[in-house]
Number of protein chains: 2
Amino acid sequence: MIDRLDRKILQILQEDATIPVAEIGRRVGLSTTPCWRRIQKLEEDGVILRRVAVLDPRKVNAKVTVFVSITTSQHNEEWLKRFAEVIRDVPEVVEFYRMSGQVDYLLRVVVPDIEAYDAFYKRLISRIDIADVSSAFAMEQIKYATALPLNYVPLEKDKGVA
Amino acid sequence: MIDRLDRKILQILQEDATIPVAEIGRRVGLSTTPCWRRIQKLEEDGVILRRVAVLDPRKVNAKVTVFVSITTSQHNEEWLKRFAEVIRDVPEVVEFYRMSGQVDYLLRVVVPDIEAYDAFYKRLISRIDIADVSSAFAMEQIKYATALPLNYVPLEKDKGVA
DNA sequence: GATAGATGAGAATATTATTCTCTCTCTATC
DNA sequence: GATAGAGAGAGAATAATATTCTCATCTATC
């Protein structure tokens, strides 16, 4: 279970994972060791999945985002399994969701330009049997956060006092 | 400009930013110092924007993703500016794009459940004047990567020899 | 009110980042 | 072609940070 302090720690680490443990402790009102132990536990418990570097899409020629809506006639486990496996190894596909409603699957694809998207698209449909695909292009990324909202985390009564 | 070694370094850091510089150097075939200097430069140049902790959505009660397609009648600079400002401070909105085609804007919203989404939705339309909204619910997140594809980065001829 | 279990604190140690100094190699210029 | 200079690279020395260890304190429970 997560308490108020854990949540504060997560809030900080979601925004900047380079801040020293001692400083995080200071901010949340803990000394280094207990703060460090809490972070360890959050990692062990799988709340923190990993720490990564976030790059600027413009600087690595990944300027264009395309949302690809996919409809399939194959609504079976087997088909999805194969589809998911193929997608997992395609670096251009950055997000992949199974949807409710009209569309069956939604992909977020990142490429440098429209030509590259077209190439990607051809490769995709050659590898998997898809009934219907529709692409929507993003002109601008106005917000991109890796931080999840933490205001919905069920909070445990605070642990140690202080 | 980025060369082959920089790209390898970025590839590693995008997946795991906890690996020591010395180890990264070993993997790309550099000693600690030059590897460290390259990472510094990538940060200064803004290629690396930041380092963050990635959390497990299920563990922080952020299980439901909703894609919100927005159409507006207000196609002016002023309206967008205000809209963007409001959205920037809403933690539930994790991504925000200006689109081409039918839809004007697309949001990815993260909430614990449908009720919370409804609450969010009401708050949104009360704060901003929107012509038309349509929501698509994700049942499952099959892939989520923060790593961008690096195979499109224009490569400089390799620097130092080796 | 004694005691186990959980949490916190500070000092000691280990690991990692950062700086410093030096060397090598490629390039451009004469 | 010889040669100065910039741009990397390497390894040792230092500084910052993470991690471990030991002990103190609080709380809930009997």
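So you know, we letter chains A, B, ... as the sequences are listed, proteins then strands, and number each from 1.
Distance alone, capped at 3.5 Å, is enough to place a donor-acceptor pair between the A/Gln14 side chain and the A/Leu148 backbone. With B/Asp132 contributing its side chain and B/Thr71 its backbone, the two residues share no donor-acceptor pair below 3.5 Å.
Considering every non-hydrogen atom in both B/Met99 and A/Met139, the closest pair reads C-CG, 3.9 Å. Across all their heavy atoms, B/Leu150 and B/Gln11 have their closest contact at CD1-N, 3.6 Å.
With axes fitted over five pairs at each extremity, the angle between the ends of the helix from C/dG1-D/dC30 to C/dC30-D/dG1 is 30° (10° resolution).
Among the candidates B/Arg50, B/Arg51, B/Arg38, the single residue satisfying the side chain to side chain contact (heavy atoms under 4.5 Å, CB included) test with B/Glu43 is B/Arg51.
For B/Arg26, the side chain to side chain contact (heavy atoms under 4.5 Å, CB included) partners at least two apart in sequence or on another chain are B/Glu23. For A/Glu140, the side chain to side chain contact (heavy atoms under 4.5 Å, CB included) partners at least two apart in sequence or on another chain are A/Ile142, B/Arg98.
If you take CZ of A/Arg26 and P of C/dA9, they are 14 Å apart, rounded to a whole angstrom. One interatomic measurement links the two molecules: CG of B/Leu5 to P of D/dG7, which rounds to 18 Å at whole-angstrom precision. Atom-to-atom, CG of A/Asp3 to C1' of C/dT7 comes out at 11 Å; the value is rounded to the nearest Å. Distance, B/Gln40 CD to C/dC20 P: 13 Å, rounded to whole Å. Distance, B/Leu30 CG to D/dG7 P: 18 Å, rounded to whole Å. When the C1' atom of D/dT19 is taken as reference, atom CD of A/Glu43 falls 13 Å away, rounded to whole Å. Following rounding to the nearest Å, A/Arg4 (CZ) and C/dT7 (C1') show an atom-to-atom distance of 17 Å. Atom-to-atom, CZ of A/Arg38 to P of C/dT7 comes out at 8 Å; the value is rounded to the nearest Å.
Classification of the A/Tyr97-B/Phe67 ring pair by plane angle, with boundaries at 30° and 60°, yields perpendicular. Using cut-offs of 30° and 60° on the angle between ring planes, the pair A/Phe83 and A/Phe96 is perpendicular.
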Could I get a table of every N or O pair under 3.5 Å where one atom is in the protein and the other is in nucleotides 11-14 of chain D?
residue: D/dG11; atom: O6; partner: B/Thr33; partner atom: OG1; Å: 2.6

Report, one pair per line, the protein and nucleotides 13-17 of chain C atoms (nitrogen or oxygen only) whose separation is under 3.5 Å.
residue: C/dA17; atom: OP2; partner: B/Val21; partner atom: N; Å: 2.9

Please report, to 0.1 Å, the donor-acceptor pairs under 3.5 Å made by any side chain of residues 52-65 of chain B, with sequence neighbours excluded.
residue: B/Asp56; atom: OD1; partner: B/Arg58; partner atom: N; Å: 2.9
residue: B/Asp56; atom: OD1; partner: B/Arg58; partner atom: NE; Å: 3.3
residue: B/Asp56; atom: OD2; partner: B/Arg58; partner atom: NH2; Å: 3.1
residue: B/Lys59; atom: NZ; partner: A/Asp45; partner atom: O; Å: 2.8
residue: B/Asn61; atom: OD1; partner: B/Lys63; partner atom: NZ; Å: 3.3
residue: B/Asn61; atom: ND2; partner: A/Tyr152; partner atom: O; Å: 2.9
residue: B/Thr65; atom: OG1; partner: B/Arg108; partner atom: NH1; Å: 3.1

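For B/Arg37, the side-chain atoms get nearest to C/dT21 when compared with the rest of C/dT21, C/dT18, C/dG8.
Classification of B/Asp129 and B/Arg82 as a salt-bridged pair fails, no side-chain N sitting under 4.0 Å from a carboxylate O.
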